Student: 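Below: one structure in structure tokens.
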Amino acid sequence: MTEPGILFLRACLALLAMPIYLLAFLGIWEPFCKKIFFPFFFEKLSAVHEGKVKKQKQELFHNLPNFKSPSGELKLLEIGTGCGPNFQFYPPGCRVTCTDINPNFQQGLSRNMNKNQHVQYERFLVAAGEDLHQVPSGSMDAVVCTLVLCSVQDVNGTLREVLRVLRPGGVFYFLEHVAADRSSWRYFWQQVCYPTWKLVSAGCCLTREIWKNLEQANFSELSLRHMSVALPWTPIEPHIIGYAVK
């Protein structure tokens, strides 16, 4: 369908979500979404997502111990920790620094910390992916980012920060939903849903081609593959998964 068709269907969807748009216009939706709705919504979506990708995550993180520093420690920074669904995949003794721009995931985060006491939790920083100035350069053996690059303000800026905080030879792990093929109906529906989805999901962008940002970043090695994650009634089926070495 043409651009007018997309705009028409966007308008129809906006009418269905009119109460949310009205709350946004009044300045009420953003604080409510950040503090209450999105932490609740994301924890539920994350639980469903984890059930679909657990095997792939186990395969992704299996080589984490190979990136220990010469001292034998493994210092890991997680960007956009959320409620902490990745902790279960980290090796025993791993020293984790958690960051998130939204500090309102405490309940889910505490539950996952308590369930995964094989990991050493260093500290929690309220920080955006594009500005990790609280983390010293070259101080991390690994950085992890899952379902986060869709909502950062600047993907390239976040990847520059990843490279800055990693030591030479350090590794960056990622799992992100991305834009569908531009000729597909799935991409068409991503375009239709884009404005309302972004409002409801705290800035999540449906049509980012994040693999291109990774290919253009200054990593010395990039292992990346495309995959589909079946999430009924959502426009976020296409994903990329992999790791990159500084």
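Note that the coordinates shown come from a computational prediction; the quantities given were computed from them, not determined experimentally. Values below: every heavy atom of this structure, side chains too, minus hydrogens, waters and symmetry copies.
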Student: Which pairs with one or both residues in residues 26-48 pass salt bridge (Lys or Arg N to Asp or Glu O under 4.0 Å), sequence neighbours excluded?
Tutor: E43-R111
Student: What pairs with K212 under side chain to side chain donor-acceptor pair (under 3.5 Å), at least two apart in sequence or on another chain?
Tutor: E209
Student: How about R208 and V155: do any of their side-chain heavy atoms sit closer than 4.5 Å?
Tutor: yes
Student: Do L64 and H62 come within less than 4.5 Å of each other through their side chains, counting heavy atoms only?
Tutor: no
Student: Compare all side-chain heavy atoms of Y121 with those of N116 and state whether any distance is below 4.5 angstrom.
Tutor: yes
Student: To the nearest 0.5 Å, how far apart are CD in Q120 and OG1 in T97?
Tutor: 11.0 Å
Student: For L214 versus L224, what's the shortest heavy-atom pair and its separation?
Tutor: CD1-CD1, 3.9 Å
Student: Give a yes or no on whether V144 and M113 share a hydrophobic cluster (residues Ile, Leu, Val, Met, Phe, Trp, Tyr; joining criterion: side-chain heavy atoms under 4.5 Å apart).
Tutor: yes
Student: Minimum heavy-atom separation for V135 to S139, with atom names?
Tutor: CG1-OG, 3.6 Å
Student: Kindly determine whether F38 and N104 satisfy side chain to side chain contact (heavy atoms under 4.5 Å, CB included), including the steps that lead there.
Tutor: CA-CA 9 Å; F38 188 67; N104 295 298; over 6 Å; no
Student: Kindly list each side-chain donor-acceptor pair under 3.5 angstrom involving residues 227-246, sequence neighbours excluded, with atom names and distances?
Tutor:
| from | atom 1 | to | atom 2 | distance (Å) |
| --- | --- | --- | --- | --- |
| T234 | OG1 | L231 | O | 2.8 |
| E237 | OE1 | R186 | NH2 | 3.4 |
| H239 | ND1 | I236 | O | 3.3 |
| H239 | ND1 | E237 | O | 2.8 |
| H239 | NE2 | H49 | NE2 | 3.0 |
| K246 | NZ | L163 | O | 2.8 |
| K246 | NZ | L166 | O | 2.7 |

Student: So which pairs with a foot in residues 162-172 pass side-chain hydrogen bond (donor to acceptor under 3.5 Å, both in side chains), sequence neighbours left out?
Tutor: S137-R164, D141-R167, E161-R164
Student: Starting at SG of C98, measure out to CG of L125 and round the result to the nearest 0.5 Å.
Tutor: 8.5 Å
Student: How close do A179 and Y187 get, heavy atom to heavy atom, and via which atoms?
Tutor: CB-CE1, 4.1 Å
Student: Hey, can you tell me if F41 and W197 have their rings parallel, tilted or perpendicular (30° and 60° cut-offs)?
Tutor: perpendicular
Student: Aromatic rings Y173 and F61: how do their planes relate, parallel, tilted or perpendicular, breaks at 30° and 60°?
Tutor: tilted
Student: Anything under 3.5 Å between a donor and an acceptor, one on a side chain of residues 78-91, the other on a protein residue two or more places apart or in another chain? List them.
Tutor:
| from | atom 1 | to | atom 2 | distance (Å) |
| --- | --- | --- | --- | --- |
| E78 | OE1 | Y90 | OH | 2.6 |
| E78 | OE2 | N86 | ND2 | 2.9 |
| T81 | OG1 | E78 | O | 3.3 |
| T81 | OG1 | T99 | N | 3.2 |
| T81 | OG1 | T99 | O | 3.2 |
| N86 | OD1 | K57 | NZ | 2.5 |
| N86 | ND2 | T146 | OG1 | 2.9 |
| Q88 | NE2 | P85 | O | 3.2 |

Student: Kindly check if the number of other-residue, nucleotide or ligand heavy atoms within 6.0 Å of CD (Q153) is above 12?
Tutor: no
Student: V143 and I210: same hydrophobic cluster, using ILVMFWY side-chain contacts below 4.5 Å?
Tutor: yes
Student: Do L76 and F174 belong together in a cluster built from hydrophobic side chains that touch within less than 4.5 Å?
Tutor: no
Student: Are V119 and L74 linked, directly or through intermediate hydrophobic residues, by side-chain heavy-atom contacts shorter than 4.5 Å (ILVMFWY only)?
Tutor: yes
Student: Would you say V148 and L175 are hydrophobically clustered, going by side-chain heavy atoms of ILVMFWY under 4.5 Å?
Tutor: no
Student: State, to 0.1 Å, how close C204 and H177 come at their nearest heavy-atom pair, and which atoms those are.
Tutor: SG-NE2, 3.2 Å
Student: What distance separates N218 CG from R160 CZ, expressed to the nearest 0.5 Å?
Tutor: 10.0 Å
Student: Work out which heavy atom in Q134 is nearest to a heavy atom in A127; give both atom names and the distance.
Tutor: NE2-CB, 3.9 Å
Student: In residues 7-26, what donor-acceptor pairs under 3.5 Å come from side-chain atoms, sequence neighbours left out?
Tutor:
| from | atom 1 | to | atom 2 | distance (Å) |
| --- | --- | --- | --- | --- |
| R10 | NE | Q191 | O | 2.7 |
| R10 | NH2 | Q191 | O | 2.9 |
| Y21 | OH | T196 | N | 3.4 |
| Y21 | OH | T196 | OG1 | 2.8 |

Student: Taking Q190 for its side chain and A180 for its backbone only, find out whether a donor-acceptor pair lies under 3.5 Å.
Tutor: yes
Student: Under the 3.5 angstrom rule, does the side chain of W29 hit a backbone N or O of L199 as a donor-acceptor pair?
Tutor: yes
Student: Distance from Q58 atom CD to Q56 atom CD, nearest 0.5 Å?
Tutor: 9.0 Å
Student: Contact between L206 and C193 at the side-chain level, heavy atoms closer than 4.5 Å - yes or no?
Tutor: yes
Student: Looking only at atom types and distance, does a side-chain atom of Q216 sit under 3.5 Å from a main-chain N or O of N213, one as donor and one as acceptor?
Tutor: no
Student: Verify side chain to side chain contact (heavy atoms under 4.5 Å, CB included) between L77 and L132, making sure each step is shown before the conclusion.
Tutor: CA-CA 10 Å; L77 173 74; L132 300 170; 3.9 Å; yes
Student: At what distance, to the nearest 0.5 angstrom, does CE of M140 lie from NZ of K75?
Tutor: 7.0 Å
Student: State the CZ-OG distance between F105 and S110, to the nearest 0.5 angstrom.
Tutor: 13.0 Å
